[in-house]
Amino acid sequence: MPENATPRSAVPENKSFAPVRRTAVAALAVVAALALTLTGCGTQTVSPATVRGDAGDDGKGRYGSVDCAEAKCIALTFDAGPGKDTPRLLDILKEEKVPATFFLLGKNHVLAHPKTVRRIAAEGHEVANHTWSHGILTDLDRDGIREELARTQNAIAEITGHKPTLMRPPQGRTNGDVTDISRELGLSQILWSATAKDYSTTDSALIERRILDDASADGIILLHDIYDGTVPAVPGIIKKLKGRGFTFVTVPQLFAPAVPEPGEVYRP
């Protein structure tokens with residue numbers, strides 16, 4: 001994730017500070033390179049706050065329980081499901097009255113769990129696209145990108161009656177071709193601001209702590225409901241963030257009254 005730029009030092013540069021300055025510049029270059037690797041060279045991202053401000057009073061986006069321009073909102077999102085633990089996750093979200101956004105995988109997930117996909121939609125959560133097979137879209141040609149996204153669009157529509165309007169590229173990797181195909185298919189690209197790297201641990205306490213450390217207003221949390229440690233961490237995350245004054249919303253509600261535009265790349 002991008003980091004805020006370090007303020008320029010007010011101390012005049014001299015020989016003793018030059019090595020420190022060079023080290024800082026090198027570190028910032030590494031951060032910039034990482035950001036470009038994740039989103040693709042030259043890809044511009046837009047924040048929810050910017051989009052809300054541009055919409056003014058003319059936006060057609062639907063609000064959730066609050067106006068996120070006024071309230072302290074955060075969006076809880078889950079990638080790569082549904083899986084065996086998703087029904088329990090839905091029980092938790094229902095008990096806590098928390099809406100979420102689910103970026104679903106087509107192959108071995110949407111097809112394997114149609115009842116869960118139907119339940120996600122029926123209970124008011126946002127159903128979104130995470131490709132067919134988790135292929136890295138920037139490694140594919142335009143036809144390959146289209147197939148990864150369109151197959152999942154069609155599979156979800158057959159179950160819910162609606163095609164998603166949001167997608168998340170695997171590993172956050174996107175480029176001009178991905179943007180063009182996303183626009184063609186009516187899909188906005190949604191990245192994130194907080195992740196627990198739950199694919200690398202089954203420690204629910206660690207997952208919870210990582211999310212709480214990175215949570216911020218207008219944030220988008222990335223978790224995976226297919227890993228053993230994730231769903232048990234969710235109640236603590238919800239309870240503690242509510243205690244900090246956060247209101248949970250879906251990704252489209254985070255943007256209201258604006259509506260995310262197809263092809264655009266959004267990141268808090």
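The structure presented is a predicted model; accordingly, all values stated were derived computationally and were not measured.
- Note: the hydrophobic cluster containing Leu93 also contains Ile74 (ILVMFWY, side chain heavy atoms under 4.5 Å, direct or indirect links).
- Judged by distance alone, the side chain of Asn129 and the main-chain N or O of Leu149 form a donor-acceptor pair under 3.5 Å.
- By the 4.5 Å heavy-atom criterion applied to side chains, Phe248 and Lys242 are counted as neighbours.
- Ser193 places a side-chain N or O within 3.5 Å of a backbone atom of Ile220 that can act as its donor or acceptor partner.
- Here the side chain of Ser188 pairs a donor or acceptor atom with the backbone of Pro260 at under 3.5 angstrom.
- In this structure, CD in Glu96 is found 12.0 Å from CD1 in Ile237, a value given to the nearest 0.5 Å.
- Side-chain atoms of Thr77 and Arg168 form a donor-acceptor pair, as typed in the model, at a separation below 3.5 Å.
- Gly263 and Thr179 get closest at one heavy-atom pair: O-CG2, 3.2 Å.
- The heavy-atom pair separating Glu126 from Thr165 by the smallest distance is OE2-OG1, 4.0 Å.
- Residues Ser204 and Gly229 share a closest heavy-atom pair of OG-O, 2.7 Å.
- The pair Arg88-Glu95 counts as a salt bridge, with a side-chain nitrogen and a carboxylate oxygen less than 4.0 angstrom apart.
- Both Val117 and Leu76 sit in one connected hydrophobic cluster of ILVMFWY residues. Membership requires side-chain heavy atoms under 4.5 Å apart, directly or through other members.
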message: Test side chain to side chain contact (heavy atoms under 4.5 Å, CB included) on Thr152 and Leu105; report intermediate values, then the result.
response: CA-CA 7 Å; Thr152 307; Leu105 277 177; over 6 Å; no
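- Checking side-chain atoms of Glu148 against main-chain N and O of Ser133 turns up a donor-acceptor pair under 3.5 Å.
- In this structure, Arg52 pairs ionically with Asp218, as a charged nitrogen and a carboxylate oxygen lie closer than 4.0 Å.
- Contacts classified as salt bridge (charged side-chain N to carboxylate O under 4.0 Å, His left out) and involving residues 200-212 (residues at least two apart or in different chains) are given here: Glu208-Lys240.
- Between Leu185 and Pro262 there is no side-chain heavy-atom pair separated by less than 4.5 Å.
- Note: Ile238 CD1 to Ile92 CD1 = 7.0 Å, rounded to the nearest 0.5 Å.
- Across every non-hydrogen atom of Phe255 and Pro48, the tightest pair is CE2-CA, 3.8 Å.
- Annotation: the span from Ile211 atom CD1 to Leu223 atom CG amounts to 4.5 Å, rounded to 0.5 Å.
- To the nearest 0.5 Å, the span separating CG on Asp177 from CD1 on Ile145 amounts to 5.0 Å.
- Looking only at side-chain heavy atoms (C-beta outward), Val259 and Pro252 stay at 4.5 Å or farther from each other.
- Residues Trp192 and Pro268 share a closest heavy-atom pair of C-CD, 4.1 Å.
- A salt bridge does not link Glu261 to Arg183: none of the charged nitrogens lies less than 4.0 Å from a carboxylate oxygen.
- Between Val127 and Phe103, the closest side-chain pair of non-hydrogen atoms is not below 4.5 Å.
- No path of Ile, Leu, Val, Met, Phe, Trp and Tyr side chains, each step under 4.5 Å between heavy atoms, connects Leu241 with Val251, placing them in separate hydrophobic clusters.
- Within the 3.5 Å criterion, the main-chain N or O of Ala100 finds a donor-acceptor partner in the side chain of His125.
- By the 6.0 Å contact criterion, NZ on Lys239 is open, its count of non-hydrogen atoms from other residues, nucleotides or ligands being 12 or less.
- Between the side chain of Thr138 and the main chain of Thr174, no donor-acceptor pair closer than 3.5 Å is present.
- A donor-acceptor contact under 3.5 angstrom links the side chains of Thr50 and Ser47, judged on distance only.
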Check against side chain to side chain contact (heavy atoms under 4.5 Å, CB included), Val234 and Leu89: CA-CA 8 Å; Val234 171; Leu89 172 60; 4.0 Å; yes
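- Counting only distance, with no hydrogens or angles, the side chain of Lys72 and the backbone of Arg244 share a donor-acceptor pair below 3.5 Å.
- Considering every non-hydrogen atom in both Thr101 and Ala128, the closest pair reads CG2-CB, 4.3 Å.
- A donor-acceptor pair under 3.5 Å links the side-chain atoms of Thr86 to the main chain of Gly83, judged by distance alone.
- With salt bridges taken as basic N to acidic carboxylate O contacts below 4.0 Å, none links Lys84 and Asp225.
- Test Val51, Thr45, Leu191 against Tyr266 for side chain to side chain contact (heavy atoms under 4.5 Å, CB included) and you get one pass: Val51.
- No chain of hydrophobic side-chain contacts below 4.5 Å, direct or via other Ile, Leu, Val, Met, Phe, Trp or Tyr residues, connects Val249 to Val98.
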field: Steps toward side chain to side chain contact (heavy atoms under 4.5 Å, CB included) verdict (Ile156, Lys163)
entry: CA-CA 6 Å; Ile156 290 172; Lys163 289 185 177 181; over 6 Å; no
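- Applying the side chain to side chain contact (heavy atoms under 4.5 Å, CB included) criterion to Pro170, with sequence neighbours excluded, gives His130, Thr131, His134, Ile136, Leu137.
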field: Stepwise side chain to side chain contact (heavy atoms under 4.5 Å, CB included) test for Val178 and Met167
entry: CA-CA 11 Å; Val178 175; Met167 80 86 158; 3.6 Å; yes
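- Taking NZ from Lys197 and CG from Leu206, the interatomic distance works out to 10.5 Å, rounded to the nearest 0.5 Å.
- Leu140 and Leu187 end up in the same hydrophobic cluster when Ile, Leu, Val, Met, Phe, Trp and Tyr side chains are linked at under 4.5 Å.
- Note that the NZ atom of Lys94 and the CD atom of Glu123 stand 5.0 Å from one another [nearest 0.5 Å].
- The backbone N or O of Gln189 lies less than 3.5 Å from no partner atom in the side chain of Glu264, so there is not a single donor-acceptor pair.
- A disulfide bond (SG atoms under 2.5 Å apart) check over residues 64-130, counting only residues at least two apart or in different chains, returns the pairs Cys68-Cys73.
- When each of Ile226, Leu90, Leu104 is paired with Pro82, the side chain to side chain contact (heavy atoms under 4.5 Å, CB included) condition holds for Leu104 and for no other.
- In this structure, Thr230 contributes its side chain and His224 its backbone to a donor-acceptor pair below 3.5 Å.
- Salt bridge status for Asp91 with Arg119: present, with a side-chain N to carboxylate O gap under 4.0 Å.
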